[in-house]
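Structure first, then comments.
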Number of protein chains: 2
Amino acid sequence: MEIQGLPGRLLDELGPAIASGEIPEGAVLRGEELEERFGVSRTVVREAVRILEGMRMVASRRRVGITVQPKSLWDVFDPLVIRWRLAGADRPAQLRSLGSLRVAVEPAAAALAATQATDDDRRQLSSLAVELTVSAREADLTTFLAHDIAFHALVLRASGNEMFAHLGDTVGAVLTGRTEYHLMPHQPEPYAIRLHREVADAICSGNADEAEQAMRTIVTGALAELNQQLG
Amino acid sequence: MEIQGLPGRLLDELGPAIASGEIPEGAVLRGEELEERFGVSRTVVREAVRILEGMRMVASRRRVGITVQPKSLWDVFDPLVIRWRLAGADRPAQLRSLGSLRVAVEPAAAALAATQATDDDRRQLSSLAVELTVSAREADLTTFLAHDIAFHALVLRASGNEMFAHLGDTVGAVLTGRTEYHLMPHQPEPYAIRLHREVADAICSGNADEAEQAMRTIVTGALAELNQQLG
DNA sequence: GAAACCAAATCGTCATACTTTTAGGCTGTG
DNA sequence: CACAGCCTAAAAGTATGACGATTTGGTTTC
């Protein structure tokens, strides 16, 4: 998953710094400067910059240097960009964006899953719903989180749409961030749990409408909660 | 937008070849082989490969080479990946994926736009709807396509969600591809045009529900048409 | 037959030299 | 003074040779 080697290290420094605005839009870096600052060779700097260029976070121009691109050009769907933004000052904005995206995508994915899921998908979904209920009742938040993430990822994957499926990890990052954020205060709401079961049941029985509605209730609820917390 | 220089040229060769499956998943390339095949230096090959690695299309490992990753790992939201897939053998699958994505996202974007759009957005939307109607009536398909793309991109941008906004270009690529595909047969359907006006009016008057419904009708219609054409 | 070892292949990194582009200043002319 | 065109230097782009690190797969040895 991670980019390897020294360029990866460089990326771990530069990416978050740019994502958080510490290195602001329009800033100009010179390759040589980066070489010195990180004690690496030209090769390494260039490869790291190329990757950032691939994400459209920077553009390199002769006689000018490496300029940080406006945020509107960034590949905001790149998992690394999302992670960097979630880790830094942009976190609230990123959470809001992802919240809306979930509201749009997850109900559609649930509806598709009701018709497209394999038998194996349905079995896994069913058992995940049960385990979710159990860990919620036992107030085992760590296990609950893991199951919750797996549940949403599975629905997205079972939709049969590769683009939806790819959002699984991102949604996982949001859920992780969320429980970290309000520091695991209370046990999961019974209502939300019931909705997860409802989604699972609807998908298993091929009821697309019900799956979509239940999922919509879940994600709109999550978005409302988020907006409340962020003000 | 494009990646520059020799690495960019290399990418234009390798990317489509991998995306189309011509270089299949699991295939192993050697850096030196690429140097010879394209007559460029290590530097160039390495930078191009790094970019592909950033898209998770390949992984480079010591003593083994550059291996093409399974499609499920690719950054399917990367604009280049989408373009490469649209241009090659994967085009039907990519169109289907994007169709579902549109059904999920565009109605949500329209609803958001109804509350979030700036006055300027609303003005532009309004006039775009008019121009759309005109070019449709005149059966000027080229202009119509341009306006259609601009319309959908504007709604996505006006939603105020950066992630939605970023799908504007992608949707544009789909629309372009679509009219290229069935070779501009008939003039745009009057019903679809009316729906576009309805979306614009609803957004301008702040009616989120109506905007969402009208947009949903548009994109589900497009998806149905697509599925019909692809069998 | 298994475990330890060794060697070759390949990527990873560094250092250096040369090329290409281009921003920004300089110069000369009307 | 204004403008056009040239010129220079700065920075990225490319090429190449050398060496280091790692991993695979065979080979040796017990």
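Keep in mind the model is a prediction, meaning the values are calculated, not measured.
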How many Å lie between [atom1] on [X] and [atom2] on [N], as a whole number?
X     : N      : atom1 : atom2 : value
A:L10 : C:dG12 : CG    : P     : 15 Å
A:E35 : C:dA15 : CD    : C1'   : 10 Å
A:R30 : C:dA23 : CZ    : P     : 17 Å
A:E47 : C:dC14 : CD    : P     : 10 Å

Heavy-atom distance under 4.5 Å between the side chains of [X] and [Y], does that happen here?
X      : Y      : result
B:I218 : B:E106 : no
A:M55  : A:I18  : no
B:L128 : B:L132 : no

Going by distance alone, is a donor N or O of one side chain under 3.5 Å from an acceptor N or O of the other, for B:H147 and B:H152? no

Heavy-atom nearest nucleotide on DNA chain D taken for A:I66 and for A:T43; more 5' hit belongs to A:I66

Outer limits of DNA chain D sitting under 4.0 Å from a non-hydrogen atom of chain B, read 5' to 3', are D:dT14 to D:dT24

What are the atom names and distances for every N/O pair under 3.5 Å that joins the protein to nucleotides 18-22 of chain C?
residue : atom : partner : partner atom : Å
C:dT20  : O2   : A:R62   : NE           : 3.3
C:dT21  : O4'  : A:R62   : NH1          : 3.4

Inset, instruction - Would you check, one step at a time, whether the test side chain to side chain contact (heavy atoms under 4.5 Å, CB included) holds for B:T67 with B:V58? - result: CA-CA 5 Å; B:T67 61; B:V58 304; over 6 Å; no

- Query: With a non-hydrogen cut-off below 4.0 angstrom, is A:S60 in contact with a base, only sugar-phosphate, or nothing?
  - Reply: sugar-phosphate

Value for CE (B:M163) from CG (A:L167), rounded to nearest 0.5 Å, stands at 7.5 Å

Taken to the nearest 0.5 Å, the spacing of A:R46 CZ from B:E47 CD works out to 4.0 Å

For B:D148 and B:H196, what are the C-alpha separation, side-chain angles and deciding distance, and is it a side chain to side chain donor-acceptor pair (under 3.5 Å)? CA-CA 9 Å; B:D148 196 20; B:H196 279 75; 3.1 Å; yes

